[in-house]
Amino acid sequence: MQAKLSHKVEVITCNCRGRDREREKCTCLYQDQAQLSFIQRDYLTTGLKTVIMVGLKPSDVPPPLGVKVLSAGTAACIADLVTFPLDTAKVRLQIQGEKAVVDAAKDIRYRGVFGTISTMVRTEGPRSLYNGLVAGLQRQMAFASIRIGLYDNVKSFYTGGKDNPNVGIRILAGCTTGAMAVSMAQPTDVVKVRFQAQMNLQGVARRYSGTMQAYRQIFHHEGLRGLWKGTLPNITRNALVNCTELVSYDLIKEAILKHKLMSDNLPCHFLSAFGAGFITTVIASPVDVVKTRYMNSPPGQYKSAINCAWTMMTKEGPTAFYKGFVPSFLRLGSWNIVMFVSFEQLKRAMMVSRNKIEATM
């Protein structure tokens, strides 16, 4: 039957249906779903509008928990591989000024993120930028799978399954999954930070030679408390980071889609992730510095995380809490972009694969 429309219409061959169709709104896949682009045509009362979307098509069915957990952990590992040198530079800048570090490298001074990277490459070799990578990947698979993968489900739990939760519920969900992640995976963070902090210099003894040796040595010399050292500041830091990161991303993305500034595709995810990274860095940087200092400290240097913060304030001033801010932002901004873009695409790719498998069964 011929449709009566007050604006221009176009007969489209719908690949999904295999026949011509004429209607006001039609979303057609012009390529295989496993490829990286599709075209969405929206027929509005003001005329014909064509929007080219980059990225996999969003699934009609919400991804199950397993897909979200696996894609979150994998996306975080991809982001860590890309941004790990920036994270290492951030750690070195944050611990600069500690007595142990000053004694180990009296003639080395780090200045800025790229100056730190070039100094490390010159004095310790390029491999030093990836000190602790194995522990970092272990950390991300444990941390991100919980704090990001469980976020939607925890948010739904707090709302009783209702849509459009308010900001308070989102913050509560982010704090919950962030605290859960730290409680379970803290040892991986302790080992990662200590590896990043140790220097590969002649005449300077290395604290650890390998990841598993580090776990064993920390447990042998410091016990279980050593592996979970800094849990309180890390819970505080991750609760702040997680709720700020996820809530900011959620709200920015929803605002973009609500005002139809972009479609739900890669540019939208990129912009939302960049904004979330900047906001997160501003809020979480002071706690991050204290966490890094305290976890890297030898036994007895600080009585507690609060004592560590007070010592920093009295000896180095308030600016010490924002040491490494630029690398923190470069790292968090780039990490958020890579992670969220990968996360969104991995979820969709896994759903495509899942649907194809179910179709063949």
Side-chain angles (χ1 to χ4, degrees), residues 32-36 38 54-84 87 132-158 161 170 173-189 191-192 211 234 238-239 241-243 245-250 253 264-266 268-270 272-273 276-277 280 332 334-361:
D32 187 77
Q33 285 188 344
Q35 296 183 18
L36 291 178
F38 70 90
V54 182
L56 291 171
K57 178 184 177 182
S59 174
D60 294 329
V61 180
L65 179 61
V67 168
K68 288 186 281 191
V69 168
L70 181 58
S71 56
T74 306
C77 287
I78 294 171
D80 245 31
L81 286 170
V82 174
T83 64
F84 206 79
D87 192 41
L133 178 62
V134 174
L137 296 179
Q138 292 171 353
R139 174 185 180 272
Q140 290 301 348
M141 281 305 297
F143 266 60
S145 297
I146 297 171
R147 74 180 186 89
I148 298 171
L150 295 181
Y151 173 70
D152 286 335
N153 291 72
V154 173
K155 188 169 61 175
S156 179
F157 170 77
Y158 283 138
R170 296 172 200 246
C175 289
T176 301
T177 57
M180 288 170 60
V182 173
S183 300
M184 297 180 66
Q186 177 69 2
T188 61
D189 204 17
V191 172
K192 179 189 81 82
T211 305
N234 211 14
N238 267 276
V241 167
N242 205 47
C243 70
E245 199 172 71
L246 295 177
V247 172
S248 298
Y249 181 81
D250 251 3
K253 181 182 172 183
D264 189 4
N265 57 10
L266 286 175
C268 174
H269 305 157
F270 179 95
S272 303
T280 303
L332 262 180
S334 56
W335 192 91
N336 270 271
I337 290 167
V338 177
M339 194 284 296
F340 277 116
V341 169
S342 301
F343 180 49
E344 297 277 10
Q345 295 305 305
L346 283 169
K347 279 193 299 183
R348 296 175 185 188
M350 287 182 185
M351 289 303 293
V352 169
S353 300
R354 182 171 176 265
N355 292 338
K356 286 183 176 181
I357 293 170
E358 289 179 351
T360 57
M361 291 178 64

In sequence, state the C-alpha distance, the side-chain angles, and the governing distance for Leu133 and Lys192, and then conclude on side-chain contact (heavy atoms from CB on, under 4.5 Å). CA-CA 7 Å; Leu133 178 62; Lys192 179 189 81 82; over 6 Å; no

Rounded to the nearest 0.5 Å, how far apart are CD1 of Ile337 and CG of Leu266? 12.0 Å

Nearest heavy atoms of Met339 and Ile148, plus distance in Å: CE-CD1, 3.5 Å

Hey, are the side chains of Cys77 and Met141 touching, using non-hydrogen atoms and a 4.5 Å cut-off? yes

Counting C-beta onward and ignoring hydrogens, is there a side-chain heavy-atom pair between Asp250 and Lys155 closer than 4.5 Å? yes

Any chance you could measure Leu332, atom CG, to Thr280, atom OG1, to the nearest 0.5 Å? 6.0 Å

Show your reasoning for whether side-chain contact (heavy atoms from CB on, under 4.5 Å) applies to Tyr151 and Val247. CA-CA 10 Å; Tyr151 173 70; Val247 172; 3.9 Å; yes

Can Arg139 be said to sit on top of Phe143's aromatic six-ring, NZ or CZ under 6.0 Å from centre and within 45° of the ring axis? yes

Let me see the working for Met351 and Lys356 under side-chain contact (heavy atoms from CB on, under 4.5 Å), right down to the final yes or no. CA-CA 9 Å; Met351 289 303 293; Lys356 286 183 176 181; over 6 Å; no

SG of Cys175 to CZ of Arg170, rounded to nearest 0.5 Å, is 14.0 Å

How far does CD1 of Ile78 sit from CG of Leu346, to the nearest 0.5 angstrom? 5.0 Å

Between Arg348 and Asp264, is the closest basic N to carboxylate O distance under 4.0 Å? yes

Hey, does the Lys NZ or Arg CZ of Lys347 hover above the aromatic six-ring of Phe343, less than 6.0 Å from the centre and inside 45° of the axis? yes

Please report the C-alpha distance between Leu137 and Leu81 in whole Å, then the side-chain angles of each, then the deciding distance to 0.1 Å, and finally whether the side-chain contact (heavy atoms from CB on, under 4.5 Å) criterion is met. CA-CA 8 Å; Leu137 296 179; Leu81 286 170; 4.3 Å; yes

Considering all heavy atoms of both residues, which atom of Lys253 and which atom of Cys268 are nearest to each other, and what is their separation? CG-SG, 3.9 Å

Taking the side chain as every heavy atom from C-beta outward, state whether Ser156 and Asn153 have any pair of such atoms under 4.5 Å apart. no

From Asn242 atom CG to Arg147 atom CZ, the distance as rounded to the nearest 0.5 Å: 5.0 Å

Could you state the interatomic distance from OG1 (Thr176) to CD1 (Ile146), rounded to the nearest 0.5 Å? 13.0 Å

Parallel, tilted or perpendicular for Tyr249 and Phe340, by the 30°/60° rule? parallel

Would you say Tyr158 has more than 12 foreign heavy atoms packed within less than 6.0 Å of its OH? yes

